[in-house]
Amino acid sequence: MKTIIPELRKKHRLSQEELAAVVGVTRQTITSIEIGKYTASLPLAYKIAKCFGKSIEEVFDFSDVEIPNEPF
């Protein structure tokens, strides 16, 4: 999943380690999210977005997420 976290961190002058401390994860988790190796849980995505005063949709790009074809 694509994200604009690196750009937001730079804009707010936050290191990966500082962001990780604010949202309660390791620096490695932030790195993995930024490079697309790990998809943040909904609560973590919410914390990251709120840290920057943004909505989840503004921070994370969901365009590559597949939606099932089955009707509800």
Side-chain angles (χ1 to χ4, degrees):
M1 177 179 299
K2 295 178 185 174
T3 177
I4 63 165
I5 294 171
E7 292 87 352
L8 291 170
R9 280 193 311 97
K10 288 173 189 169
K11 180 180 176 183
H12 292 270
R13 296 187 173 136
L14 283 174
S15 68
Q16 288 178 332
E17 192 168 329
E18 290 168 328
L19 176 59
V22 170
V23 298
V25 297
T26 65
R27 182 196 55 78
Q28 291 85 349
T29 299
I30 298 299
T31 300
S32 294
I33 293 169
E34 288 185 357
I35 65 173
K37 286 183 115 179
Y38 175 75
T39 300
S41 66
L42 186 56
L44 178 55
Y46 180 79
K47 287 179 185 179
I48 292 170
K50 284 297 179 184
C51 179
F52 296 114
K54 304 274 184 195
S55 69
I56 292 173
E57 293 84 0
E58 290 174 299
V59 178
F60 296 88
D61 179 0
F62 293 95
S63 63
D64 63 347
V65 175
E66 292 186 29
I67 300 172
N69 291 331
E70 293 293 319
F72 294 100

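Just so you know, these numbers come straight off a predicted model, no measurement behind them.
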Only distances under 3.5 Å count here; give the side-chain donor-acceptor pairs of residues 35-49 to other protein atoms, sequence neighbours excluded, each with its distance to 0.1 Å.
residue: S41; atom: OG; partner: L44; partner atom: N; Å: 3.2

Please output the side-chain donor-acceptor pairs of residues 4-11 that fall under 3.5 Å, not counting sequence neighbours, one pair per line with the distance.
residue: R9; atom: NE; partner: E34; partner atom: OE2; Å: 2.5
residue: R9; atom: NH1; partner: L14; partner atom: O; Å: 3.0
residue: R9; atom: NH2; partner: E34; partner atom: OE1; Å: 3.3
residue: R9; atom: NH2; partner: E34; partner atom: OE2; Å: 3.4

Subject >> Separation between CD1 of I33 and CD of Q28, rounded to the nearest 0.5 Å >> reply: 12.0 Å
Original post:
Can you tell me if S32 and T29 form a side-chain donor-acceptor pair at under 3.5 Å?
Top reply: no
Subject >> Residue pairs fulfilling salt bridge (Lys or Arg N to Asp or Glu O under 4.0 Å) with at least one residue in residues 15-29, sequence neighbours excluded >> reply: none
Original post:
How would you list, by chain and number, every residue that makes a side chain to side chain donor-acceptor pair (under 3.5 Å) with T3, sequence neighbours excluded?
Top reply: none
**OP:** Only pairs at least two apart or in different chains count here, so list each ring-ring contact (aromatic ring centres under 6.0 Å, His included) that has a residue in residues 6-25.
**Re:** H12-F52
Subject >> With E58 via side chain to side chain contact (heavy atoms under 4.5 Å, CB included) - residues at least two apart >> reply: K54, S55
